[in-house]
Colleague: 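The structure's right below; bear with me while I get my questions together.
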Amino acid sequence: MGGRRWAFHDPTAGMGGVVPTRTARLWLAVVGVTLCFLACLASFQLGMTWAGVLLAGLSAATMVNIGWVAYRRHKD
C-alpha cells in the first residue's frame, strides 16, 4: 500500500441523468439553510431565544457548508 494514492471514482457518473453528488449536496444545503433561517425567525417571534440562537448557529454552519461545496464544485 505504500505510495498508492486512492482516488474517488463514481462508476455511475453520467448514467441516466444521475445528479452529481455535489449538486445534490448543494441543493440539500440550500433547503436546510432556508428551513433553519425560517425556524430561527419563528423561534425569536415566539420568545424562544435559546432555540433562535441555536438555529442561527446552524444556519451559519450551513452557509459555510454551501460555500465549501460551491467552491469544490467550481474547482472541479
Side-chain angles (χ1 to χ4, degrees):
M1 270 179 44
R4 184 171 178 172
R5 188 168 172 196
W6 296 95
F8 175 75
H9 174 68
D10 184 7
T12 63
M15 290 177 51
V18 175
V19 178
T21 305
R22 288 193 182 113
T23 301
R25 184 174 167 193
L26 188 60
W27 277 104
L28 286 171
V30 168
V31 169
V33 76
T34 303
L35 292 175
C36 275
F37 183 72
L38 292 175
C40 174
L41 292 177
S43 296
F44 282 123
Q45 288 293 324
L46 294 171
M48 298 178 2
T49 307
W50 63 272
V53 170
L54 178 67
L55 287 164
L58 287 174
S59 295
T62 306
M63 290 301 291
V64 170
N65 184 34
I66 288 172
W68 178 251
V69 173
Y71 168 75
R72 291 291 308 259
R73 190 168 174 237
H74 176 71
K75 186 176 158 186
D76 290 342

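Since this is a predicted model, take the numbers as computed values, not measurements.
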Colleague: Any ring pair (Phe, Tyr, Trp, His ring centres under 6.0 Å) involving residues 29-70? Give me the pairs, sequence neighbours left out, ordered by first then second residue.
Modeller: W68-Y71
Colleague: Looking only at non-hydrogen atoms, find the nearest pair between N65 and A29 and report the distance.
Modeller: ND2-CB, 3.9 Å
Colleague: Could you tell me which non-hydrogen atom of S43 sits nearest to which non-hydrogen atom of L55, and how far apart they are?
Modeller: OG-CD1, 3.5 Å
Colleague: T62 and G32: which non-hydrogen atoms are nearest, and at how many Å?
Modeller: CG2-C, 4.4 Å
Colleague: Would you name the heavy atoms of C36 and L58 that are closest together and state the gap between them?
Modeller: SG-CB, 4.0 Å
Colleague: Looking only at heavy atoms, what is the nearest atom pair of L26 and A70, with distance?
Modeller: CD1-N, 4.4 Å
Colleague: So which atom in C40 and which in G52 form the shortest heavy-atom distance, rounded to 0.1 Å?
Modeller: SG-O, 3.3 Å
